[in-house]
Every structure is written in C-alpha cells, then in structure tokens.
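Bear in mind that the values here come from a model prediction, so they are computed numbers and not experimental data.
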Amino acid sequence: MAQRSVLITGCSSGIGYDAAHALHGRGWRVFATCRAEADCDRLRAEGLESFRLDYADEASIAAAVDEALGRTGGTLDALFNNGAFACPGAVEDLPRGALREIFEVNLFGVHDLTRRVIPAMRAQGHGRIVNCSSVLGFVPMKWRGAYVATKFALEGLTDTLRLEMRDTGVKVILIEPGPIATRIRANSIPHFERWVDWQASARAEQYRATLLKRLYERRPPDRFELPPAAVSARLIHALEHPRPRARYFVTTPTWIMAALRRALPTAALDWIVAKG
C-alpha cells in the first residue's frame, strides 16, 4: 500500500505540532507547514517534511500546495486545517480591521487552501478534509467575539461542503476542541494590543477585572484542559476509520455545551455561558 500523505497547517506548536508527530509516527507522510521559515527549519531537524504556509498569504498557500503535490506526484490523502489565532476583546471594541485580519486567516485562508486540494482528491477518488473548529464554533463566550465569529462561519462552510461532497469520495469532518494546552492565549496578546483600545472602552473596569488578568497573569491550567494529544487521537480516527464521524468533540466542556445547546432555550443557555 502506498504511503498516505497529509498536509497540516499551524505546526509550529500545540495541536498542529502534536498531530504532525503523531501521524508521522503512524507511518503517514506528513507535510507539516508553518508561517515562519525558522519553525520549518526546526521541524525539518526533527525529521518532518516542512515548508512555509501562511493563511494570510495567498501566494504561500498556492506554493505550499504545489510543493506537496509535487513531492507526491499529484496526490494528497488528507488535509488538516488547524492554523488559527484569536483576537480577544469586547465586540463593541473590535474595529473593522481586526475582524478583517482574523477572518483572512481563520476562514478565508482555510477556504483557499481547501479549494486548492480538492481537485487532486477528486482526481484520485478519495480524500479527507478535517477542519479544526472549537466548542466556540457553536456556543459563544464573552470577550471572544472575533474568534467565535470565525469558528461559527467555519462550521457553516464545513457543513455545507460536507453535503456537497457526498457524491465524491472526499469526506469532510469537523473537530471541535474545548480547552487545550496550547499557546493560543499568549499568541493572542499582540493582536489584542494592536487592535483593542481597552483603556478608552466603556468596559475598561471589566477588562481590568477579567480579561487582562487572563491574558497577562500566569495561571494554572484551565479546568478540564487536555493536552494536544487529545485532539490528535480524534484526528487519527477521522483520517483512518473507514466511516469517520461528521464531528468529533474533544474535552468535557464541548460535550456539555453541545448537550445544553440542544436541551435549553436560548435565554437559559445565555445565563449559563455568561457565568463562565
């Protein structure tokens, strides 16, 4: 059997890094992509095939797809759209540019990359497209409006693509993690500092009491937080099982919120989420 190949985005750390090594260890040919060339160098030193892919850079997306397909002779068995970032802040304090920037990466770049690999998957008659969403892809949370908006949009786009690909051999799958031990919080700080003028906000005192502490203070792991390997375990099932699920929940909060969303009226769910 020919070695299966997968392209993964956002592999410099966290979920993407763990997934790249986990699949490599299972015999997959892994194309572990990163935004920064220095991170690609590090991954190559660790034995992975790595090259640059930045969702915000259309040319890098096209070049990465050409590179992967060139190395395999035109085939690609799977794509794991993992890369994303957050820009915390109250919705009323998020300028248009902040939303434009985060959608460019978390949605438009994912869509661009996905469209570019589908022709190869159609030609070979099979493929798996796995998009990493979040519990925040179906339940909102205060201070995370920009990220929530991109993940809600990603879920809608993914669900529609799954329906449209039913007549092909391409399976489209969502993974929805809750709290995972990654650098996403620390990595969100530059975006917050660039876009959110919290001191001029009507919610300045709320920022001081809540969000600033969460962003800048050293904190113990969140309750129910799991390591990235928990996501890799679901990803392996999504890629290797002959009948993958449409959705994979990861962490207890995701399961709880999915159940509450189905069972409760909106006002009751809002009350619970607002306390979190």
Side-chain angles (χ1 to χ4, degrees), residues 10 12-15 35-36 54-57 82-110 132-156 176-226 228 250-254 256-258 260-261 264-276:
S12 62
S13 64
I15 291 171
R35 289 187 303 114
D54 181 351
Y55 279 137
D57 180 352
N82 162 69
F85 74 89
C87 181
V91 169
E92 64 188 290
D93 296 328
L94 294 170
R96 182 172 183 155
L99 290 182
R100 182 184 293 114
E101 182 180 70
I102 196 170
F103 267 87
E104 193 68 49
V105 171
N106 291 10
L107 186 71
F108 303 152
V110 170
C132 192
S133 181
S134 169
V135 62
L136 300 183
F138 59 87
V139 174
M141 188 170 289
K142 292 185 297 184
W143 307 108
R144 296 166 176 83
Y147 187 80
V148 165
T150 64
K151 293 302 184 180
F152 266 63
L154 179 64
E155 295 240 343
E176 297 162 320
I180 301 292
T182 72
R183 290 185 52 79
I184 190 167
R185 185 182 304 160
N187 291 342
S188 73
I189 291 174
H191 302 284
F192 171 72
E193 292 177 345
R194 177 184 178 191
W195 292 110
V196 179
D197 185 5
W198 68 269
Q199 292 173 307
S201 171
R203 300 184 179 276
E205 290 305 315
Q206 294 177 14
Y207 276 98
R208 289 190 183 94
T210 58
L211 184 60
L212 296 184
K213 291 182 179 181
R214 185 169 182 83
L215 283 179
Y216 292 102
E217 293 181 4
R218 294 181 64 86
R219 300 168 57 91
D222 286 342
R223 189 181 181 189
F224 302 120
E225 185 174 280
L226 294 179
V250 187
T251 74
T252 298
T254 304
I256 292 173
M257 287 300 169
L260 292 178
R261 189 172 186 271
L264 297 179
T266 299
L269 182 61
D270 282 355
W271 183 83
I272 291 172
V273 173
K275 293 175 69 68

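Taking CD from Gln206 and OG from Ser201, the interatomic distance works out to 8.0 Å, rounded to the nearest 0.5 Å. The structure places CG of Leu260 at 5.0 Å from CD1 of Ile272, a figure rounded to the nearest 0.5 Å. Here Glu92 contributes atom CD and Arg203 contributes atom CZ; the two are 4.5 Å apart, rounded to the nearest 0.5 Å. Atoms CD and CG, on Glu176 and Leu154 in that order, are 9.5 Å from each other to the nearest 0.5 Å. Rounding to the nearest 0.5 angstrom, the gap separating the CH2 atom in Trp198 from the CD atom in Glu193 is 11.0 Å. To the nearest 0.5 Å, the span separating CZ on Arg214 from CG on Asp222 amounts to 4.5 Å.
Here the closest non-hydrogen pair linking Ala98 and Cys87 is CB-SG, 4.3 Å. Shortest non-hydrogen contact noted between Arg261 and Leu269 is CA-CD2, 4.0 Å. In plain terms, the two heavy atoms of Glu104 and Ala56 that are nearest each other are CG-CA, 4.3 Å. Of all heavy-atom pairs spanning Pro179 and Arg223, the tightest one is CG-O, 4.0 Å. Between Asn82 and Tyr55, the closest heavy-atom pair is N-OH, 3.9 Å.
By the 30° and 60° cut-offs, the orientation of the rings of Phe192 relative to Tyr207 is tilted.
In this structure, Thr251 contributes its side chain and Pro177 its backbone to no donor-acceptor pair below 3.5 Å. Not one N or O on the side chain of Asp93 forms a donor-acceptor pair closer than 3.5 Å with the backbone of Val196.
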Could you give me the CA-CA distance, side-chain angles and deciding distance for Ile189 and Tyr216, then say whether side chain to side chain contact (heavy atoms under 4.5 Å, CB included) is met? CA-CA 8 Å; Ile189 291 174; Tyr216 292 102; 3.7 Å; yes
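Within 6.0 Å of CZ in Arg183 there are 12 or fewer heavy atoms belonging to other residues, nucleotides or ligands.
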Under 3.5 Å, which donor-acceptor pairs do the side chains of residues 133-153 form with other protein atoms, sequence neighbours left out?
unit_1, atom_1, unit_2, atom_2, d
Ser133, OG, Glu155, OE2, 2.7
Ser134, OG, Leu136, N, 2.9
Lys142, NZ, Ala274, O, 3.2
Arg144, NH1, Lys142, O, 3.1
Thr150, OG1, Asn106, ND2, 3.2
Thr150, OG1, Tyr147, O, 2.7
Lys151, NZ, Cys132, O, 2.8

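Side-chain contact between Arg35 and Val105 is absent, with no heavy atoms from C-beta onward closer than 4.5 Å.
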